[in-house]
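A short worksheet on the structure shown next.
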Amino acid sequence: MPTVSQILSARVAAAVARAIHEEGWQGEPGIIEIERPANPDHGDYATNVAMRSARTLRRSPQQIAEATVSRLPPDDVIAGAEVAGKGFINLRLRPEWVARQADEIGRAADRYGRADVLAGQRIQVEFISANPTGPLHLANARGGPLGDTLGSVLAFLGADVTREFYVEDSGTQFDMFGQSIAVRYRQLLGEDATLPAEGYQGEYVTDIARTILAREGERFRELSLEEQARIFAPLGVEWVVSEDQRVCEKFGIRFDSWFSQAEMMRSGYFEDTVKALRERGKVYEKDGAVWFDAPDEIEDKEGWVIVRSSGEPTYFGKDIAYHRLCLTERGLDRKIDIWGANTHYHLIQMRAAMRALGLEDRFEVVLYQFVRFLHEDVILGMSRRRGQFITLEDVLDAVGKDPTRFFLLQRSADSQLDFDFELAKQQSNENPVYYVQYAHARIASIFRTAAERGAGVEGADAGLLTEPAEQELVKHCLRFPDLVLEAGRHHGVHLLTQYAVELAGDLHNFYKFNRVVSDDVERTKARLLLMKAVQVTLRQTLGLLGISAPESM
RNA sequence: GGGCCGUUAGCUCAGUGGAUAGAGCACCUGCCUUCUAAGCAGGUUGCCGCGAGUUCGAGUCUCGCACGGCCCGCCA
């Protein structure tokens, strides 16, 4: 089922081609862009192809538009085309066609809006990937709905999507985590031990030590702190990862894989990657460390360390290996990472490294600006090491999954946002998410009423949906497939929340002024089809957002 | 010093180079005997941060400036 833009674009392109041929013009037309005018007087859709072709065809926009429109006669979809303004071509959809689409949308049901433009592409979306040294909190939670929803959109467009959580279970922070657990373990045994200055202070560290003690007894008692740390760190990560899994499920997120960095390191793939970089002449030695040679455009640094003088790989070095692994050994066509804004410098480094390996085109990143967390009107810094944070789970329990997801998905990733905890709890009933869900529930209620009165859609004639309010609703639903394409192209999943609110608004307005279930049997049937179409569209949108579509509220 | 993101209504924010710039919240006025009032209708609000440039056309692109957030480690 092609989108409206695709249908119109094809017909306009054909008309332009005919115009050029028959008028004997020279040159190529501009790209056909189909847009929706803000002003309804300008038609349902419009194209600026005449303006865009004026230069190459060396004709005035008006002239090109006239020639195109005269070759764009009314057909099954287009009721009329006219030239307006400085050369716009305004297109009106045929009401009969629009009406029939209500039926098509209802029949498509959970296939509505799906496409195959990305069929055959294997795409990994990697998100959250928080350090496995403590519970998830809101700062790293924004990437959750963003990545999850982007994954859903890409899958909707036909891609083979894998959602991955990269578990960084090696390195300095990992070691420090193990030490922190060891200290708590010793304290539980009544020994004298103090947490290092950089240690993890959260209460959960003691919980982990207690769990280990309960499960394994005192058999690690005689070991040195270093030995204990080495044993406890993976156990601690296991504990945190299992917690993360549980909380992500509460958030409506299920990962296909939890990839272990330590496992990759044991496989020798890191050394292999350094070798590959060395063969390309991209690394050099200095001060006993191995450096990646920064490209010339980078003015502030000559290079970045990938193996320390101690022999320990850096995070940057390991991330190069990890991305190379995904894009070569694992056969992924694209890898899309959802990262917090504080990693933008890392992004610059990674782009350079990926370019050095010839993988740049397949590596994409969505950077999201930080969430500031307001608690009792105070902006909370979220330091995990100091144990100062409100966990994601606290937020989910207090606010609910749907409002939390909706709130985080409402704004573009580029804009910063404040999450006011008290406001979110207190105003959750005024949250726009309920406005959207209510529209869906309202339709469900209409169907319940219809069922009670023995009314159904059997034998309905969608062609009766000719009233302006009915037409507007169907047209609004028809925007959905184009919107999904747009969201997929630009990774802009917030477009979906915005659309959901607008469509819900249209439905509420229609509901107020138009009766669906009435004595008019034929009209009732047709309007039930209309309601079905809106319900399907709302459900599809909410489904992509990972937000439930309730039958009643 | 360098870099990334932002600056649009009182507040929080939408706005693939198109025609008269939008939504929610807040505020005011109406609307529940008919499919759910978590709703609807109407009203008020804008030097789109500032200054240049690019072009048929700029909130949108380029450059400069100001302000805010983040970053520039042999941490991750």
Side-chain angles (χ1 to χ4, degrees), chain A residues 33 35 37-39 41-42 46 48 51-52 54-55 60-61 84-88 90 129-131 133 168 171-174 176 198 286-291 298-301 304-319 340-349 367-370 372 410-418 420 423 427-439 441-450 452-453 455 486 489-490 492 494-495 497-498 501-502 504-505 507-518 524 527-528 531 552-553:
Chain A
E33 287 180 318
E35 58 191 33
N39 185 339
D41 292 343
H42 296 149
N48 59 1
M51 282 97 112
R52 294 190 75 98
R55 191 189 303 270
S60 73
K86 296 172 184 167
F88 287 102
N90 294 335
S129 296
N131 244 322
T133 55
E168 293 166 30
T172 314
Q173 291 305 319
F174 174 76
M176 182 54 69
E198 297 292 301
K286 193 177 113 189
D287 303 333
V290 181
W291 301 66
I298 305 295
E299 289 175 3
D300 60 328
K301 296 281 185 298
W304 304 294
V305 173
I306 55 176
V307 182
R308 301 188 186 101
S309 49
S310 66
E312 277 292 308
T314 62
Y315 170 74
F316 174 49
K318 287 185 280 192
D319 221 24
N342 59 329
T343 64
H344 91 265
Y345 193 80
H346 179 63
L347 172 56
I348 289 169
Q349 295 176 303
L367 274 193
Y368 62 87
Q369 298 298 311
F370 267 122
R372 291 197 308 175
Q410 231 180 332
R411 274 77 175 193
S412 109
D414 284 337
S415 71
Q416 215 178 129
L417 64 87
D418 290 342
D420 186 326
L423 198 69
Q427 291 200 340
S428 61
N429 277 351
E430 296 174 20
N431 193 303
V433 72
Y434 294 101
Y435 182 81
V436 177
Q437 291 180 316
Y438 185 49
R442 256 190 164 162
I443 296 171
S445 168
I446 292 171
F447 278 104
R448 283 192 293 272
T449 301
E452 280 168 21
R453 303 191 190 171
E486 176 83 8
R489 260 197 294 272
H490 295 94
H494 67 286
L495 295 173
T497 49
Q498 199 187 336
V501 171
E502 288 169 8
L507 183 280
H508 288 309
N509 176 281
F510 180 86
Y511 177 90
K512 192 68 183 178
F513 295 104
N514 302 277
R515 188 115 192 127
V516 174
V517 182
S518 68
T524 298
R527 286 194 167 172
L528 283 172
M531 290 300 105
S552 67
M553 287 175 72

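Each chain gets a letter, A, B and so on, in the order its sequence line appears, and its residues count up from 1. Bear in mind that the values here come from a model prediction, so they are computed numbers and not experimental data.
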A19(B) base stacked by H42(A)? Criteria: ring centres under 5.5 Å, plane angle under 30°.
->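 Yes; by the centre-distance and plane-angle rule, H42(A) counts as stacking on A19(B).
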
Ring stacking, Y435(A) with base of A38(B), under 5.5 Å and under 30°?
->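 Taking the rule of under 5.5 Å and under 30°, the ring of Y435(A) does not stack on A38(B).
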
Distance between [atom1] atoms of [N] and [M] (Å, rounded):
| N | M | atom1 | value |
| --- | --- | --- | --- |
| A14(B) | U54(B) | C1' | 27 Å |
| G22(B) | A9(B) | C1' | 10 Å |
| G10(B) | A26(B) | C1' | 8 Å |
| G2(B) | G49(B) | C1' | 23 Å |
| C25(B) | A58(B) | C1' | 30 Å |
| G64(B) | G18(B) | C1' | 27 Å |

hbond_proxy [X] side chain to [N] base (donor-acceptor, 3.5 Å cutoff):
| X | N | answer |
| --- | --- | --- |
| N90(A) | A19(B) | yes |
| D414(A) | G6(B) | no |
| S309(A) | C74(B) | yes |

Under 4.0 angstrom, heavy atoms only, what part of the nucleic acid is E35(A) near: base, sugar-phosphate, or nothing?
->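 The residue E35(A) makes base contact.
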
Sugar-phosphate only, base, or nothing, as touched by A38(A) at under 4.0 Å among non-hydrogen atoms |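 Contact class for A38(A): none.
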
Determine: side-chain N/O of [X] to OP1/OP2 of [N], distance under 4.0 Å, yes or no.
| X | N | answer |
| --- | --- | --- |
| K301(A) | G2(B) | no |
| Y511(A) | A37(B) | yes |
| N509(A) | A41(B) | yes |
| T314(A) | C74(B) | no |
| S60(A) | C56(B) | no |
| S412(A) | A14(B) | yes |
| R308(A) | C75(B) | yes |
| R411(A) | G6(B) | no |
| R52(A) | G17(B) | no |

With Y435(A) via ring-ring contact (aromatic ring centres under 6.0 Å, His included) - residues at least two apart =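 Y435(A) satisfies ring-ring contact (aromatic ring centres under 6.0 Å, His included) with H508(A) only.
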
Does E312(A) have any salt bridge (Lys or Arg N to Asp or Glu O under 4.0 Å) partners at least two apart in sequence or in another chain, and if so, which?
->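 Result, salt bridge (Lys or Arg N to Asp or Glu O under 4.0 Å) vs E312(A): none returned.
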
Can you tell which of C74(B), C70(B), A76(B) lies closest to the side chain of N342(A)?
->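 Among C74(B), C70(B), A76(B), the one nearest the side chain of N342(A) is C70(B).
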
Base-pair map of RNA chain B as dot-bracket, where | denotes pairing with a different strand and pairs are Watson-Crick or G-U under 3.5 Å = (((((((..((((....[...)))).(((((.......))))).....(((((..]....))))))))))))....

